[in-house]
Amino acid sequence: YPDSTNAYATSFTIAKSATEPQFPSVSSVNNYIHWRPYADEFYASKKDIDFTIFNDSTHLAGDIKLEPSGLSGSGRMDLKNSEIVSDNFTYEADEIFADTSDFYLKSLHTTGFTVLTENVKSHISYKEQKGYFNSNEDFTLVNFPENRYISYLDYFIWDMNKKEMAMGSKKQLQAEQPEVSEDEEPIGPTYISMHPQQDSLSFISPLAYYDYQDNLIKATDVKYIDVADARIYPDEGNVVVEQDARIRPLENARVKANMLTKHHLFHSANINIYGRKSYDGLGNYDFEDEYGKIQNIHFKQIEVDENLQTIASGE
């Protein structure tokens, strides 16, 4: 045509260029081509086979646009271990950028996904073997279906080599945090159980790590977890959530009961948390008599009764 050329290409390639402007390597077959030479715009669309970009394990189901300034595209990218969907990707020699995208991390154990989130700004670096994701709103919902948990995160960093994601709230971590007492409301993303038998059990962790090799949410700096009438303090703030929303038993924890009167405190406790209304375990109690003398009592059984009150027995 006077202003453009249309064609079906049996093969289409772009050579990698690491100098400015940068371009990734691209190869594909059976593409629809639309070239507008006076506008310096070259479009290629998938017909029946995805584009291969960067390497043999990265593919794009969609369209690309080639200009002197660089390469852009749209559609669904399959990175072998994850998928990213966006209406506007931009590419460099070893990097992918998207201002608005949906990110899905594939499970290493099933055919499904282990992390799902939407509306994030993405940056994938093959050179660093990392992905950086920032929420386009105050927080974005992140779903961990194999752990049956959700959270609202500001940012997360995906380490491809470690098979791990560092998750938190960038705004909160960068701000200077004031000293607060152990019972004040903590600051950070909330992790919420979606297991129907756990009654939305939740806790707050400013920084957590998701090990998707073993499907473990490793939360740090967890000040407390409220269960029934008790407030449970994990040792050094560490909480691990396994598959199917199972919280790994807490060792050397403390338990205040109830959380309003704070009358009783168990320490050196081993606690099993089953849901927002159920826990049990064992621990020690410092009993102070009328003369101020302290006697340590070991309680072999700490549990919750039918009235959601903590009860315990020991000698």
Side-chain angles (χ1 to χ4, degrees), residues 12-29 31-33 40-47 49-108 112-137 140-143 153-168 170 209-210 212-213:
F12 173 70
T13 60
I14 299 175
K16 179 179 178 179
S17 173
T19 59
E20 297 298 333
Q22 294 188 29
F23 295 91
S25 63
V26 179
S27 64
S28 187
V29 296
N31 304 112
Y32 175 72
I33 302 297
D40 263 341
E41 296 174 346
F42 192 102
Y43 298 87
S45 301
K46 169 190 173 180
K47 187 179 178 184
I49 299 176
D50 295 346
F51 293 94
T52 299
I53 305 180
F54 300 107
N55 52 59
D56 291 340
S57 61
T58 305
H59 304 278
L60 170 67
D63 308 314
I64 61 174
K65 178 184 178 182
L66 178 63
E67 301 174 274
S69 58
L71 182 71
S72 59
S74 63
R76 178 180 290 268
M77 293 206 67
D78 187 337
L79 282 62
K80 184 180 179 179
N81 47 16
S82 65
E83 292 185 5
I84 306 177
V85 180
S86 178
D87 292 332
N88 188 16
F89 292 109
T90 56
Y91 303 100
E92 292 188 358
D94 297 294
E95 295 178 286
I96 305 169
F97 300 87
D99 285 339
T100 304
S101 62
D102 302 334
F103 174 70
Y104 310 105
L105 183 63
K106 294 181 181 178
S107 170
L108 299 179
F113 296 99
T114 193
V115 175
L116 302 97
T117 188
E118 298 179 348
N119 192 22
V120 291
K121 183 177 181 179
S122 303
H123 171 204
I124 305 293
S125 173
Y126 280 107
K127 190 178 297 183
E128 298 179 15
Q129 286 291 291
K130 288 186 177 180
Y132 303 88
F133 303 88
N134 289 271
S135 173
N136 284 318
E137 300 177 0
T140 189
L141 173 66
V142 180
N143 195 340
L153 302 177
D154 173 288
Y155 89 111
F156 53 95
I157 301 173
W158 170 36
D159 191 317
M160 303 178 197
N161 292 328
K162 289 184 177 180
K163 294 181 173 57
E164 182 181 82
M165 284 173 42
M167 311 172 293
K170 195 172 186 179
Y209 299 88
Y210 183 54
Y212 60 93
Q213 178 76 53

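Values below: all heavy atoms of this structure, side chains included; hydrogens, waters and symmetry mates excluded. Remember, it's a predicted structure, so these values are computed and weren't measured experimentally.
- Checked by atom type and distance alone, the side chain of S27 never pairs as donor or acceptor with a backbone atom of T13 at under 3.5 Å.
- Only one option out of D78, I84, V85 pairs with Y104 in a side chain to side chain contact (heavy atoms under 4.5 Å, CB included); it is V85.
- Using a 4.5 Å heavy-atom threshold, the side chains of E67 and D40 count as separate.
- Between I124 and M160 the shortest side-chain heavy-atom distance falls below 4.5 Å.
- A distance of 11.0 Å separates CD in E83 from CG in D102, rounded to the nearest 0.5 Å.
- Summarising the local packing, CG of N119 is surrounded by more than 12 heavy atoms from other residues, nucleotides or ligands at distances under 6.0 Å.
- We find that E41 and K65 are joined by a salt bridge, their nearest charged nitrogen and carboxylate oxygen being less than 4.0 Å apart.
- Heavy-atom contacts from other residues, nucleotides or ligands closer than 6.0 Å to CG of N161 number more than 12.
- Side-chain atoms of D63 and S45 form a donor-acceptor pair, as typed in the model, at a separation below 3.5 Å.
- Contact detail for H123 and F97: the closest heavy-atom pair is CD2-CE2, 3.3 Å.
- Shown here for F89 and A98, the closest heavy-atom pair between the two residues is CD2-CB, 3.9 Å.
- With values rounded to the nearest 0.5 angstrom, Y32 atom OH is found 11.5 Å from Y43 atom OH.
- Residue K121 qualifies as open at atom NZ: its count of foreign heavy atoms under 6.0 Å is 12 or below.
- In this pair, W158 and F133 present their aromatic rings tilted. The plane angle is within the 30 to 60° band.
- Panel note: side chain Q129, backbone Y126; a donor-acceptor pair is recorded below 3.5 Å.
- S69 contributes atom OG, which lies 12.5 Å from atom CD of Q22 (distance to the nearest 0.5 angstrom).
- Closest heavy-atom contact between V142 and L153: CG2-CD1, 3.7 Å.
- From L79, atom CG reaches atom CG of L105 across 10.5 Å, with rounding to the nearest 0.5 Å.
- When side chains are defined from C-beta on, P24 counts as touching L71, because their heavy atoms get closer than 4.5 Å.
- Between Y209 and K162 the shortest side-chain heavy-atom distance does not fall below 4.5 Å.
- Between the side chain of T140 and the backbone N or O of E118 there is at least one donor-acceptor pair closer than 3.5 Å.
- N55 places a side-chain N or O within donor-acceptor distance of the main-chain N or O of S57, the cut-off being under 3.5 Å.
- Between the side chain of T52 and the main chain of H59, no donor-acceptor pair closer than 3.5 Å is present.
- Formation of a donor-acceptor pair under 3.5 Å by the S101 side chain with backbone atoms of V120 is found in this model.
- A pairwise comparison of heavy atoms in F54 and E95 identifies CZ-O, 3.5 Å as the closest pair.
- Note on ring orientation: taking the six-membered ring where Trp is involved, the planes of F12 and F42 are parallel (angle under 30°, cut-offs 30° and 60°).
- Side-chain contact between F51 and I64: present, with at least one pair of heavy atoms (C-beta onward) separated by less than 4.5 Å.
- Side-chain contact between N143 and F113 is absent, with no heavy atoms from C-beta onward closer than 4.5 Å.
- Nearest heavy-atom pair across T117 and L141 is OG1-O, 3.0 Å.
- Atoms CE and CG, on M165 and D159 in that order, are 11.0 Å from each other to the nearest 0.5 Å.
- K16 has its side chain within reach of D94: a pair of non-hydrogen atoms, C-beta onward, lies under 4.5 Å apart.
- N136 is listed as a side-chain neighbour of T100, based on a closest heavy-atom distance under 4.5 Å.
- The nearest pair of heavy atoms linking A18 to A93 is CA-CB, 3.9 Å.
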